[in-house]
Structures are given as C-alpha cells and as structure tokens.
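Accompanying notes for the structure given below.
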Number of protein chains: 2
Amino acid sequence: MTTGIKFVILGLLQKGSLSGYDVKRIVDGSTRFFWAASYGQIYPELRRLEAEGLVTGTSEPHGARARKLYRLTPAGRKALRAWLRAPAAGMELRNEALLKLFFADGLPREELPGVVAAMRADSEEVLARLREIQERVRPDPDETSKGLVLEFGIGFHGWIVNWCRAQEARLAKGGSK
Amino acid sequence: MTTGIKFVILGLLQKGSLSGYDVKRIVDGSTRFFWAASYGQIYPELRRLEAEGLVTGTSEPHGARARKLYRLTPAGRKALRAWLRAPAAGMELRNEALLKLFFADGLPREELPGVVAAMRADSEEVLARLREIQERVRPDPDETSKGLVLEFGIGFHGWIVNWCRAQEARLAKGGSK
DNA sequence: CTCTGCATGTAAAAGGTTACATGATTCC
DNA sequence: GGAATCATGTAACCTTTTACATGCAGAG
C-alpha cells in the first residue's frame with residue numbers, strides 16, 4: 001500500500017524545492033535507516049507525481065549543468081497531510097543475523113556467541129553514524145519530530161547492542177546450560 | 001544477496017521433513033517476525049533446491065490428497081552450515097509510522113501523540129503474539145537459540161512500547177517545547 | 001588536469017506479494 | 001452438509017536494486 005517512496009518525496013519537499021539528486025542525498029543521510037530509496041525509484045516517481053499534479057518541476061540549470069527542481073503543489077501538500085493522518089502499516093523487519101541465530105542449533109555451541117557479536121557490530125556501526133548525525137545537526141526547534149526519530153534510532157540500536165552484550169556474556173559463562 | 005528464502009527452508013528442514021505447506025505455516029508462526037515468506041516463493045524455491053541437490057522431495061500422499069515432503073541432503077546440510085558461518089547482512093527496517101513521525105512537522109502539534117500511539121499499538125500487538133508463543137511452546141533445551149530469538153523479539157518490542165509511552169507522556173505534558 | 005561531487009536517467013534483473021484455481025479431508 | 005484446514009501451485013503484478021551511461025562544475 002501507499003507505495004512509500006511517494007511520501008518520502010512529498011515529505012522532503014515540505015521544506016522547499018529539491019532535485020532528484022537532492023532527494024537521494026537526503027534520504028541516504030536520514031530516512032535510510034527506516035526507509036531507503038534508490039535513483040531507480042526516485043526519478044520515475046518524480047515524473048509520476050508531476051503527472052498527478054502533486055509536485056511541479058522547473059528547470060533551473062547551474063551553468064550548462066541540467067537541474068530540475070521540484071516543489072509541492074497545494075494538492076501535494078494536501079495528499080501529504082492525508083497520508084500523515086491515515087493509519088500506518090506495521091513495522092517490517094528483516095534481520096539475517098536473527099535468522100541465523102534462529103537456526104544456530106545446526107552449529108556447535110561455541111559458535112553461537114560469534115553470531116550474536118556480528119549482530120552487535122552491525123548495530124554499533126549504525127549507532128556511531130546516528131550519533132554523528134546528532135552532533136552534526138544542531139537541534140532545530142522547528143523540527144521536533146525529526147529529533148524524536150533520531151533519538152528513537154539511537155535508543156533502539158543502543159538496546160540491541162546491550163542485549164547482544166548480555167547474551168554474549170551469558171553464553172560465554174554458562175557454556176552448557 | 002543470499003536470497004534469504006533459500007536458507008529459511010534449509011533451516012526449517014534441519015529438524016525433519018516438511019511440505020511446502022508446512023514451511024509456510026511454520027514461517028507464519030515464527031520467522032515471520034524477522035523474515036517472512038509467501039507461497040509464491042516457497043514452492044518454486046523447493047524445486048530449485050531439489051534441482052541443486054540440497055533437498056530431496058518424496059511424494060507421501062495422505063489418502064487421495066497429494067503431499068510432497070522434502071528433507072535435507074548432506075549437501076543441503078553443508079550449505080546451511082556454510083551460510084550460518086558467513087557474515088550476515090545488516091538489519092533492514094521499514095517503518096511507516098517512523099516515516100510519518102519524521103515528516104510530522106507538517107501536522108499540528110496536537111496530532112503528534114497520535115502517530116506515536118499508533119506505533120505503540122503495532123508493537124503491543126506483536127508483543128502479545130510473541131508472549132502467546134512463549135507460553136504455548138514449552139522451552140526445549142535442545143533449541144536454546146530459538147528461545148533466544150523469541151526473547152529478543154519480546155525485549156525489542158517491549159522497548160519500543162516503553163519508548164512510545166514515554167514520548168506520549170512528554171508530548172502531552174510539555175505541549176509547547 | 002584530475003578527482004570529487006553534482007546531476008539525470010534507464011534497462012534488466014531480482015525479489016516478493018496477491019489473488020486465484022483446484023481439490024481432498026476432517027471436524028462439527 | 002458446511003466450514004475449516006490441508007495441500008499444491010502459478011500468473012500477473014508490483015517494487016526495488018544494480019549497474020551502467022553520460023557529462024558539467026569546482027577544488028586542488
């Protein structure tokens with residue numbers, strides 16, 4: 001449902017006009033952690049949104065370098081608000097490490113902590129990047145909700161890291177049981 | 001990479017032979033929370049795995065009802081173990097509620113707690129189902145790692161529920177800031 | 001002059017869901 | 001007899017990734 005990418009774009013355009021390239025860059029530095037997007041989605045979607053009348057594109061080249069900036073139309077703003085108010089789809093999670101852990105009975109017990117450690121390393125990396133964002137981007141009182149989402153990400157991955165650490169310790173000690 | 005569904009099937013077949021229908025049923029009651037699968041993936045994949053020599057299928061009808069049970073071959077067991085030891089891909093998360101929260105500046109402040117509450121409701125539902133599983137399935141000492149994954153899910157969604165509750169309280173009180 | 005970043009795009013492949021068709025069996 | 005569950009399958013569709021092609025601009 002809802003197609004996702006559509007509202008990622010409309011949402012980002014709230015704050016001003018952007019090129020497809022801009023959208024990609026911003027997504028990679030923010031929503032990527034809970035909603036990714038590729039060029040193969042962005043450019044075609046921008047044209048679809050323009051056809052729908054939800055955005056307008058104006059060509060604003062930089063010298064001889066082509067550049068098309070898109071901005072929300074009133075209809076686009078309305079569509080965005082309607083989506084914001086509609087019930088959201090449930091969370092989708094896909095975690096290969098968890099899948100491995102689930103099937104890890106097929107492995108000698110000593111190799112179990114390694115699987116957990118790999119999972120922890122993954123979240124530690126994300127955590128580091130989120131903290132970087134937190135320091136780089138000074139809190140804008142106008143963007144409470146974006147800060148909230150960032151805090152969620154940090155708490156969330158922090159929880160995972162702690163959980164993994166606890167399991168690693170437990171598995172290392174009580175080897176048998 | 002890795003195609004995922006391939007190892008979901010191989011992993012489930014560790015414990016004995018299963019039909020495609022069985023695989024679907026088990027996935028829907030377990031791995032679905034971190035790795036889903038549909039019939040459209042399962043049946044074709046079973047035939048591919050048989051062609052690869054990783055599973056063997058034997059027709060074992062129940063009366064006049066057709067039924068094909070698959071079991072791991074030694075090569076299948078080996079492929080599974082190799083995958084278990086290989087580094088896992090990072091976590092993929094997709095959460096529409098979080099996306100809405102991210103763009104919620106476009107909404108009057110009073111509507112923000114509602115978005116968080118919807119997110120909480122989602123995790124509460126999952127949590128209830130995970131706890132049900134925990135009670136239904138008595139701990140099998142032979143399947144430590146499956147219990148671990150279940151505990152992860154419960155802790156994980158529990159964390160989300162608590163976070164949402166905290167934010168809801170904060171947003172309700174400190175309305176302006 | 002070279003490297004990085006800006007900028008647009010697409011074709012093919014891969015991955016996945018939905019919806020349907022079909023029919024037997026078991027439980028009430 | 002009817003409903004739920006067992007059981008297999010696929011075709012159409014949708015979404016998403018990957019990989020490539022192209023070229024200007026600015027910094028060093």
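Just so we're on the same page: letters track the sequence lines, and every chain starts at 1.
When rounded to the nearest whole Å, the span between CD1 of A:Ile26 and C1' of C:dC6 equals 14 Å. Between the C1' atom of D:dC6 and the CG atom of B:Asp28 lies a distance of 14 Å, rounded to the nearest Å. Rounded to whole Å, atom C1' of C:dT10 lies 15 Å from atom NZ of A:Lys24. Atom-to-atom, CD1 of A:Ile42 to P of D:dT18 comes out at 14 Å; the value is rounded to the nearest Å. For B:Glu60 and C:dT25, the CD to C1' distance is 18 Å, given to the nearest whole Å. Rounded to whole Å, the distance from CD on B:Glu45 to P on D:dT10 is 14 Å. As rounded to whole Å, 10 Å separates atom C1' of D:dT16 from atom CD of B:Glu92.
Residue B:Gln41 places none of its side-chain N or O atoms closer than 4.0 Å to OP1 or OP2 of C:dG15. Residue A:Ser38 places at least one side-chain N or O under 4.0 Å from the OP1 or OP2 atom of D:dT17.
Sorted by first and then second residue, the salt bridge (Lys or Arg N to Asp or Glu O under 4.0 Å) pairs involving residues 16-40 of chain B (not counting sequence neighbours) are B:Asp22-B:Arg25, B:Lys24-B:Asp28.
One axis for each end of the helix from C:dC1-D:dG28 to C:dC28-D:dG1, each built from five base pairs, and the angle between them comes to 30° at 10° resolution.
The only option from A:Val116, A:Asp122, A:Val115 that meets the side-chain contact (heavy atoms from CB on, under 4.5 Å) definition with A:Cys164 turns out to be A:Val116.
Note: A:Phe152 and B:Trp159 meet the aromatic proximity criterion, with ring centroids under 6.0 Å apart. Aromatic ring centres of A:Phe156 and B:Phe156: separated by under 6.0 Å.
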Between protein and nucleotides 7-9 of chain C, what N or O pairs are separated by less than 3.5 Å?
| residue | atom | partner | partner atom | Å |
| --- | --- | --- | --- | --- |
| C:dA7 | OP1 | A:Arg67 | NE | 3.0 |
| C:dT8 | OP1 | A:Lys68 | N | 3.0 |
| C:dT8 | OP1 | A:Lys68 | O | 3.4 |
| C:dT8 | OP2 | A:Gly20 | N | 3.3 |
| C:dT8 | OP2 | A:Tyr21 | N | 2.9 |
| C:dT8 | OP2 | A:Tyr43 | OH | 2.9 |
| C:dT8 | O5' | A:Tyr43 | OH | 3.4 |

How far apart are the C-alpha atoms of A:Glu45 and A:Glu50, what are their side-chain angles, what is the distance that settles it, and do they pass the side-chain contact (heavy atoms from CB on, under 4.5 Å) test? CA-CA 8 Å; A:Glu45 184 66 27; A:Glu50 195 174 16; over 6 Å; no
Please test A:Trp83 against B:Glu96 for side-chain hydrogen bond (donor to acceptor under 3.5 Å, both in side chains), starting from the C-alpha separation and ending with a verdict. CA-CA 10 Å; A:Trp83 170 77; B:Glu96 213 193 353; 2.7 Å; yes
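Atom NZ of A:Lys15 is surrounded by more than 12 heavy atoms from other residues, nucleotides or ligands within 6.0 Å.
Between A:Gln14 and A:Leu80 the shortest side-chain heavy-atom distance falls below 4.5 Å.
The closest donor-acceptor contact from the side chain of A:Arg94 to the backbone of B:Glu92 lies at 3.5 Å or more, if one exists at all.
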